[in-house]
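Protein chains get the first letters and strands the later ones, always in sequence-line order, with residue 1 at the start of each.
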Amino acid sequence: MENNNAPEDSRPAGNFIRQIIDQDLAAGKNDGKVVTRFPPEPNGYLHIGHAKSICLNFGIAEDYNGRCHLRFDDTNPHKEDLSFVEAIKRDVQWLGFSWGEKEFYASDYFEQLHDYAVELIKKGKAYVCDLSPDEAREYRGTLTEPGKDSPYRDRSVEENLDLFARMRAGEFEDGSRVLRAKIDMASSNLNLRDPIIYRIRHGVVHHQTGDEWCIYPMYDFTHCLSDSIEGITHSLCTLEFEDHRPLYDWILDQLATPCHPQQIEFSRLNLQYTVTSKRKLTELVEEGLVEGWDDPRMPTIAGLRRRGVTPFAIRDFCDRIGVTKADNSVEMGLLESTIRDDLNAHAPRRMAVLRPLKLVIENYPEDRCEQLNAANHPQNEDMGTRKIHFTRELYIDRDDFMEVAPNKKFKRLVSGGEVRLRNAYVIRCDEVIKDEQGEIIELRCSYDAATLGANPEGRKVKGVIHWVSAAHAIAAEVRLYDRLFSHPAPDAGKEAKDYREYFNPDSLRTLTQCYLEAALGEAQAGDIFQFEREGYFCLDPAQTADGKPIFNRTVTLRDSWAKIEKQAGGK
RNA sequence: UGGCCCUUGGUGUAAUGGUAACACUACAGGUUUUGAUCCUGUCAUUGGAGGUUCGAGUCCUCCAGGGCCAGCCA
């Protein structure tokens, strides 16, 4: 059955941009069409902030039966690279969006853009300026003082045409001349003080156009015209471009263009305890503070993917944060909650011991091995069951045993006490074995054979802990991640500190002696599981030098016990 | 004594002049072979002051606080 009559309640909440589009549609604008675009510059990897824009632009296209173009804003060959183009395409696709045939590059339009520039010159609205960068800055004025007209402002159309042609022909050096729009050097909006629209760049090979050009158009000139050429109806961008909108409109108003798209600005995402500035992410990568763009600690799409975050969770997160013009600071807890919601519903459960402590069940025969059934999901029978091995020698987590309970609420294993082994029997700790240093190295226990799938007679056993069979366990490395920075706004700069000073040295903790239940041996790279009582973990594509699998912790389980411990005055 | 923009609970959003809603967090309980999940309950009169109106979070004025802008970056 088709769902083209899908009820409105199945759609994401309307935001102010969707309301504008609704009004435009009601007013019959744009022939009832909605065309958006996602315009990344290929000079880095996409991050969670881009995901917000991607979900907005592609989401609107989907819901309004329109289309969304992927357009690479590649006007600055100095910083851009083909590898970034490829990574961006991979990430947008992975998020679940498709642009069909609508893959464009601003560089596709270089010839048209050049012709528009010539048109502007002919209309007396642009001129070649010979001011040096330093001189240009002086002439520009300041926030409170108007600028001064360039001495080259009144060159004739013929001279400008000639000079611009020679700029293109490569006659002039980098920085010696630029093409500027002739607007108003006294404008209170600095973007209108005769902005530069073309600059000279020799000796760089553009990833799309090679060495065909030595002049490159600036963003302000390129973006509005690219939008118009593509028939974009709503050009959505972040707040810092608000001051550029008068220039966007001015250029389109001067030229004979196919259409005049509407620029609408929204506030960018600020996520606490991380940074989402391409410059800073690039520095983290280049300075080696992280292992690469896809380091699981990075807020990049590639990093989140390697961490085990699903495309659904990211899209759901983008729905939850909404779209407004207000500055915001989204808590990491919201992202984590969104991730848990998805993974709780879909991740199969497994048992894994991260900090192993040997446990021997003395009244269990040495040669015996039971194959017990364990549900893959406690609330979803459709996810089936698996076999787990129960034997005399097991591993449990060191944190699940204490010789003496620290408080009345502690319900894990203690000396002389009982605890339920998840999916198996109730055991009692009879003896604690220590080494010369007094460190606990082994537990001697006994099990109650009558407690498999049944409560013990005449007593209550509250605690449940996870375990693995020593003989069947798979050795693995587990990487625990924490926030990248120790400050909620590392780049706020309140104390004029560099964000790097807030880098969290404990953002990665590696556990090399972990044991996984045997079923995890079949996991494929990218598979995500809930390690019961620990969190969600994703199998990394890499493995250790000695061939051990590596699991990345996506996010912990919500841990109310940790809160109790903390309130009780630390552990 | 430059311009533009923003301001609803701890956080993010909703309410489009008709009597503050949702999610996250926190806290208090209940269920539970994951201290998970799930369930229940509690937590704001909308930055401030005036004004318009029968009625203002929504409209107007002023004030305060915050953000962005002086790249031949995007």
Side-chain angles (χ1 to χ4, degrees), chain A residues 13-16 19 39-41 43 73 75-76 78-80 129 131-133 136-137 140-147 174-180 187-193 195-201 216 218-220 222-223 237-246 265 267 269 272 278-279 319-338 340-341 344-345 349 351 375 377-379 409-412 419-426 451 453-455 461-466 530-535 556-565:
Chain A
N15 52 54
F16 80 99
Q19 287 169 9
E41 183 189 12
N43 67 345
D73 221 332
T75 57
N76 186 0
H78 205 70
K79 296 177 165 182
E80 297 154 7
C129 179
L131 252 23
S132 71
R137 192 178 316 120
R140 188 156 39 231
T142 68
L143 293 176
T144 51
E145 298 160 29
D174 287 12
S176 62
R177 282 176 162 75
V178 293
L179 183 68
R180 302 174 70 175
S187 174
S188 54
N189 182 340
L190 301 233
N191 295 120
L192 263 20
R193 318 243 262 229
I196 293 167
I197 57 180
Y198 264 91
R199 76 283 217 189
I200 301 170
R201 282 276 178 283
Y216 289 93
M218 299 284 288
Y219 165 84
D220 287 304
T222 307
H223 206 84
C237 62
T238 43
L239 249 29
E240 65 269 28
F241 293 101
E242 217 157 13
D243 285 346
H244 293 243
R245 184 167 12 103
E265 310 85 15
S267 56
L269 165 68
Q272 293 183 356
K278 235 187 265 184
R279 193 202 98 221
D319 281 346
R320 294 193 199 193
I321 59 176
V323 178
T324 68
K325 297 187 72 159
D327 293 321
N328 58 77
S329 177
V330 176
E331 292 175 338
M332 195 55 95
L334 182 64
L335 211 211
E336 291 175 349
S337 169
T338 310
R340 287 193 189 106
D341 270 8
N344 174 53
R349 292 340 63 149
M351 292 198 286
H377 194 289
Q379 280 86 34
K409 288 188 172 174
F410 189 82
K411 58 182 192 182
R412 278 114 94 144
V419 78
R420 158 79 61 183
L421 291 178
R422 176 78 167 149
N423 295 124
Y425 302 94
V426 168
T451 56
N455 284 324
V461 173
K462 284 179 299 181
V464 181
I465 64 174
H466 55 95
Q530 183 194 103
F531 290 176
E532 291 197 84
R533 303 208 312 128
E534 290 287 356
T556 62
L557 254 28
R558 202 208 250 102
D559 190 355
S560 53
W561 170 244
K563 285 175 200 163
I564 294 169
E565 268 187 316

Pairing check on [N]: which nucleotide meets the Watson-Crick or G-U wobble criteria with it, both distances under 3.5 Å?
N	value
G65(B)	C6(B)
C59(B)	G51(B)
U34(B)	none
A21(B)	U13(B)
U40(B)	A28(B)
U1(B)	none
A70(B)	none

Reckon [X] touches a base, only the sugar-phosphate, or nothing at all at heavy-atom distances under 4.0 Å?
X	result
Thr324(A)	sugar-phosphate
Gly535(A)	nothing
Thr142(A)	base
Tyr425(A)	nothing
Gly333(A)	sugar-phosphate
Leu131(A)	base
Met351(A)	nothing
Glu242(A)	sugar-phosphate
Gln530(A)	base
Lys278(A)	nothing
Leu334(A)	sugar-phosphate
Tyr216(A)	nothing

Where the side chain of [X] meets the backbone of [Y], is there a donor-acceptor pair that is under 3.5 Å apart?
X	Y	value
Thr238(A)	Glu240(A)	no
Ser187(A)	Leu192(A)	no
Asp220(A)	Ile197(A)	no
Glu80(A)	Asn76(A)	yes
Lys325(A)	Phe16(A)	no
Ser267(A)	Asp327(A)	no
Thr338(A)	Leu334(A)	yes

Expressed as a whole number of angstroms, how long is the span from [X]:[atom1] to [N]:[atom2]?
X	N	atom1	atom2	result
Ile197(A)	C72(B)	CD1	P	13 Å
Arg245(A)	C68(B)	CZ	P	18 Å
Ile200(A)	C72(B)	CD1	P	14 Å
Leu190(A)	C68(B)	CG	P	15 Å
Glu331(A)	A23(B)	CD	P	16 Å
Asn328(A)	U8(B)	CG	P	11 Å
Leu239(A)	G3(B)	CG	P	19 Å
Lys411(A)	A36(B)	NZ	P	8 Å

Please report the distance separating the [atom1] of [N] from the corresponding atom of [M], rounded so that it comes out in whole Å.
N	M	atom1	value
G41(B)	U31(B)	C1'	15 Å
U11(B)	G30(B)	P	31 Å
A20(B)	G2(B)	C1'	38 Å
A44(B)	C5(B)	P	34 Å
C6(B)	U13(B)	C1'	15 Å
C38(B)	U25(B)	P	10 Å
G66(B)	C60(B)	P	24 Å
G51(B)	U58(B)	P	14 Å

Chi class for G29(B): syn within 90° of 0, otherwise anti = anti

Would the base of [N] count as contacting [X] through its side chain, where contact means a donor and an acceptor less than 3.5 Å apart?
X	N	value
Arg137(A)	G71(B)	no
His244(A)	A74(B)	yes
Arg320(A)	U13(B)	no

What is the distance from atom CZ of Arg177(A) to atom CG of Leu131(A), rounded to the nearest 0.5 Å?
-> 11.5 Å

Angle class for the Tyr219(A)/Phe241(A) ring planes (parallel below 30°, perpendicular above 60°, tilted otherwise)?
-> tilted

Compare the minimum distances between each of G12(B), A74(B), G35(B) and the side chain of Met218(A), then state the nucleotide with the smallest one.
-> A74(B)

Nearest-neighbour nucleotide for the Lys563(A) side chain, U7(B), A26(B), A36(B) considered = A26(B)

Closer to the 5' end of RNA chain B via nearest nucleotide, is it Arg420(A) or Tyr198(A)?
-> Arg420(A)

Pick the nucleotide of RNA chain B nearest each of Ser176(A) and Asn189(A); which residue has the one closer to the 5' end?
-> Asn189(A)

